[in-house]
S.K.: 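Take this structure first; my questions come after.
A, B, ... follow the sequence lines: proteins, then strands. Residue 1 opens every chain. All values below were derived from every heavy atom in this structure, side-chain atoms included, with hydrogens, water molecules and symmetry-related copies excluded. All of these numbers come straight from a predicted model, not from anything done at the bench.
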2 protein chains.
Amino acid sequence: MSQDLGLIVRHLLWSTNREFFGSLQEEGISFSQLKCLGLLAEADSELSLGGLSDETGLSLPAISRAVDGLVQRGEVKRTEDPRDRRSKLLRVTARGQSTYERLASVRAAGVRRFVEDLEPQERDALGSALHPIIERLSL
Amino acid sequence: MSQDLGLIVRHLLWSTNREFFGSLQEEGISFSQLKCLGLLAEADSELSLGGLSDETGLSLPAISRAVDGLVQRGEVKRTEDPRDRRSKLLRVTARGQSTYERLASVRAAGVRRFVEDLEPQERDALGSALHPIIERLSL
DNA sequence: TATTGTTATACTCTATAACTATA
DNA sequence: TATAGTTATAGAGTATAACAATA
């Protein structure tokens with residue numbers, strides 16, 4: 001069962017990999033920058049550089065450089081934490097949010113194609129199975 | 001509905017991202033090498049370097065270098081195509097297959113944890129919905 | 001002194017261009 | 001001449017180490 005879910009996930013990923021990484025390159029956004037942008041776009045509150053480093057597993061210098069590029073492009077806003085001036089608070093701008101959604105939409109389109117190609121009863125059963133899970137976990 | 005599936009996929013990915021890329025680094029395998037290894041491990045027949053370049057969207061030199069590293073580590077076998085000696089045929093070795101499965105298992109473990117944390121009726125419904133799809137598509 | 005983040009440096013990876021071998 | 005792949009080179013990205021600023 002978890003194997004079946006794994007197969008679906010892998011299929012959805014690989015079917016859009018080429019287009020997705022092509023889009024990244026066209027946008028001029030590195031994979032590390034995407035990870036930062038994604039975490040910031042999903043985050044409820046502001047994150048520090050160290051927080052991003054922890055969540056991504058990337059080194060602090062790498063994060064610093066990646067974020068610096070995002071700030072210069074206006075995708076992320078970086079301000080001093082007034083309570084600890086060593087620390088910087090990061091949050092996505094409207095532009096950053098839109099960039100992230102544009103990139104995510106490539107993956108989303110692959111999922112949509114997959115769902116459209118299901119048999120009606122397959123689609124209904126999958127939808128009915130997924131929805132309560134999404135609701136309960138607040139994904 | 002396709003949105004729900006997209007949310008699940010994203011959740012499964014991000015929940016294992018840190019550990020997955022950490023494993024890659026520990027194994028000394030680059031992301032491009034992973035793409036090559038994955039395509040070769042799933043492929044029914046042998047692939048050429050140009051074929052890998054097409055499928056990944058990476059440049060031919062990048063593929064050439066990535067595969068060269070895999071060949072030197074014994075993960076991939078590279079032979080001349082007897083029908084066109086310009087072309088090389090690639091296939092994973094037993095070692096390469098095992099390396100790929102070891103890496104994929106990090107993602108698989110995340111999926112397994114997710115499934116274990118479902119309510120029994122959620123798990124049953126999802127399993128019943130997924131299985132016929134897997135069967136029909138021969139994933 | 002400890003911590004947060006930046007800068008310096010060396011290494012890896014990639015793309016474009018130039019090249020080799022085969023067709 | 002065209003195609004498959006390799007080698008050369010320059011640029012981007014990363015990690016470790018050294019540093020600056022704040023706690």
S.K.: Just how far, in rounded Å, is P of C/dT4 from CG of A/L90?
M.R.: 14 Å
S.K.: Measure the distance from CD1 on A/I29 to P on D/dA12 and round it to the nearest whole Å.
M.R.: 16 Å
S.K.: To the nearest Å, how far apart are A/L24 CG and D/dA12 P?
M.R.: 17 Å
S.K.: Rounded to whole angstroms, how far apart are CG on A/L47 and C1' on C/dG5?
M.R.: 15 Å
S.K.: Rounding to an integer number of Å, can you tell me how far A/D81 CG sits from D/dA21 C1'?
M.R.: 14 Å
S.K.: Is B/R91 atom CZ crowded by more than 12 heavy atoms from other residues, nucleotides or ligands, each under 6.0 Å away?
M.R.: no
S.K.: What integer distance in Å separates B/F21:CZ from D/dG13:C1'?
M.R.: 14 Å
S.K.: Is the shortest distance from a Lys or Arg side-chain nitrogen in A/E42 or B/R10 to a carboxylate oxygen in the other one below 4.0 Å?
M.R.: yes
S.K.: Can you build the contact string for nucleotides 2-7 of chain D? Use B for base contact, S for sugar-phosphate-only contact, and - for no protein heavy atom under 4.0 Å.
M.R.: BBSBBB
S.K.: Which part of the nucleic acid does B/Q25 contact within heavy-atom distance under 4.0 Å: base, sugar-phosphate only, or nothing?
M.R.: sugar-phosphate
S.K.: Quick check on DNA chain D: between A/R85 and A/S30, whose nearest nucleotide comes earlier from the 5' end?
M.R.: A/S30
S.K.: Between the side chain of B/R18 and the main-chain N/O of A/D54, is any donor-acceptor distance below 3.5 Å?
M.R.: yes
S.K.: Would you say the rings of B/F31 and B/F20 are close, in the sense that their centroids are separated by under 6.0 Å?
M.R.: no
S.K.: What's A/S59 touching, base or sugar-phosphate or nothing? Going by heavy atoms closer than 4.0 Å.
M.R.: base
S.K.: For atom CD of A/Q3, decide whether the heavy atoms of other residues, nucleotides or ligands shown that lie under 6.0 angstrom number more than 12.
M.R.: no
S.K.: Using whole Å, what does the distance between atom C1' of nucleotide C/dT12 and atom CD of B/Q33 come to?
M.R.: 11 Å
S.K.: Is there a donor-acceptor contact under 3.5 Å from the side chain of B/T93 to the main chain of B/K77?
M.R.: no
S.K.: Sort out for me which residue in A/R78, A/R85, A/R83 forms a salt bridge (Lys or Arg N to Asp or Glu O under 4.0 Å) with A/D81.
M.R.: A/R83
S.K.: Send over the distance from A/L58 CG to C/dG5 P, rounded to a whole Å.
M.R.: 15 Å
